[in-house]
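What you are looking at is a predicted structure, and each value in this text was computed from that prediction instead of being measured. Atom set for the values below is all heavy atoms of this structure, side chains included, hydrogens, waters and symmetry mates excluded. Naming: A, B, ... by sequence-line order, numbering from 1 per chain.
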Number of protein chains: 2
Amino acid sequence: MAGSTATGKTRTLGGAGEDKAGTICRAIRRAIVERALRPGDRLPEDALGERFGVSRTIARHALGQLGSEGLVDLRRNRIAVVATPSMEEARDTFDIRIELERLVVKALAGRLEPDQIAQLRAHVEAEQAARGGSEATSIRLATEFHVLLAEMTGKSILTRYVNEVSYRCGLMLSAFSRPHSSECAVSEHSEIIDALIAGDSENAMRLMSTHLEDVAERALLVAPEARSRDLMDILAPYAEEAAGSPARPRRTKR
Amino acid sequence: MAGSTATGKTRTLGGAGEDKAGTICRAIRRAIVERALRPGDRLPEDALGERFGVSRTIARHALGQLGSEGLVDLRRNRIAVVATPSMEEARDTFDIRIELERLVVKALAGRLEPDQIAQLRAHVEAEQAARGGSEATSIRLATEFHVLLAEMTGKSILTRYVNEVSYRCGLMLSAFSRPHSSECAVSEHSEIIDALIAGDSENAMRLMSTHLEDVAERALLVAPEARSRDLMDILAPYAEEAAGSPARPRRTKR
DNA sequence: GGCATCATGATTGCATGCACTATTGGTCAT
DNA sequence: ATGACCAATAGTGCATGCAATCATGATGCC
């Protein structure tokens, strides 16, 4: 399906004995936060396998992983699809994220090494530079800022969870937020770094809370029209005028 | 290796189109909290598959899942083993767990339905009844109490995470806590229920925090002799007296 | 024309087979 | 006796094949 010659297999994942399933996971996660993949998009095992140059077994393994992270919905005998979170799930996920990231800044306040500070500054700079560019890059960088912070704690479990909820929140944004509504958070990132350097853990935690609450609010409260991507709700307004129009909507994506 | 005839396959998982990998996961999780499986125990794919009556593929899938939950260590080309958490990981996991379960009681305070209350009371009663019985049952019931609470919030993501950290904490207890050191928490469970019924969310959160902190403290601070299960540290005291004794320690479990 | 029924293709569920890697016990030289 | 080297074995990594299940378009009936 994807452009690959019959002779030369699509050696996208070729490499050495790396983690092939993990590579697929990373790619899909990234595609989701960048909104290249949107909720409901189908992820057939063999298409994935072919695209990444591996067999269905590996693609399946990757999908299982993503399913356990809540990024894809996995139902028996059904094609895997990018998860379509509900409004309640979105709210809950942000609540959890806030508490987790409060732990992050609490652990980090006053303990940042100079090279870490430089790395964070550079990241924020990259975020600022990307403001004019594609929205996908902005969102990805914003997500990666939080992941970067978590990694700096050195706490592997906390890092893993922050990773998960961050990507999940990216999915939420994709599901609910209107285009161009999740920008302008770059300065808040800077403020958090400042508070961390100052060692003011209380302030850093407060800043992180409000920052995430802002993101959630912008994403979740804005755009009541698009609150739900449930098919029935989406089509409700159209159903009103569908009396005389023979336009037959196609359900599948491609 | 496990006793199964060559002719009659071990139809432990026979059933209909259920979730075979999930069944294996549940079994192993439970075995871990009940300390039937201890950190470092080996989990070979084919042994698992044979035991549960499925192929390696499924066993492998289950192991991948457990690996992503942090219950087993998965290294390339190596036999999967029950994870051996470090002291720091244990502390971090408890920190995360406290915040998550605070969210649980916050969501539940004053919102428990009568049947839910009855269910909780019954569970605590079962815990009390199990105090004389096997330690494994006590630990499992204690863990399940927290999981039950989380499920009652109706928040699927929160439930999933509480599930994960609870089982992980069970593993931590298995790794660090001495036998019979994690009992006597039943009354604290009752107090939490009371606070939830009273609708005093602040008090409930405080009780939950201290309850979990107690558990962590009992598990992590007690028994400095067994703080680390690293092979070198474990053998350190023995190395002193190993001068004249020909006792050759076997490294592998079975 | 609208609706239920069925057949075909698409897709997953799972087991098995082969290749490769790590481990383990033995062997040989020192 | 001790240490390094090597062969046999156990175990994983991965692809492929077959059966089962679901989705979708075609057909026939009303």
Just wondering, do B/I58 and B/F52 contact through their side chains at under 4.5 Å, heavy atoms?
no
Length of the CZ-P vector between B/R75 and C/dC20, whole Å
22 Å
Distance check needed: D/dA23 C1' versus A/I79 CD1, whole Å only.
8 Å
Go through D/dA15, C/dC14, D/dT12 for me and flag the one nearest to the B/I58 side chain.
C/dC14
Heavy-atom nearest nucleotide on DNA chain D for B/R56 versus A/R56: which residue maps closer to 5'?
B/R56
Candidate nucleotides D/dG11, D/dG13, D/dC22, ranked by approach to the side chain of B/N77 - the nearest:
D/dG13
Could you check which of D/dT12, C/dG13, D/dC22 has an atom nearest any side-chain atom of A/R76?
C/dG13
Atom pair distance, as rounded to whole Å: CD in A/E45 and P in D/dC14:
16 Å
Does any non-hydrogen side-chain atom of A/V72 lie less than 4.5 Å from one of A/L74?
yes
Can you tell me the distance, in whole Å, between the CG atom of B/D46 and the C1' atom of D/dT12?
9 Å
In terms of side-chain geometry, is the basic nitrogen of A/E69 or A/R29 positioned less than 4.0 Å from the acidic oxygen of its partner?
yes
Closest-nucleotide 5' rank along DNA chain D - winner of B/A80 and A/T57
B/A80
Heavy-atom check, side chain of B/L158 versus side chain of A/I96, under 4.5 Å
yes
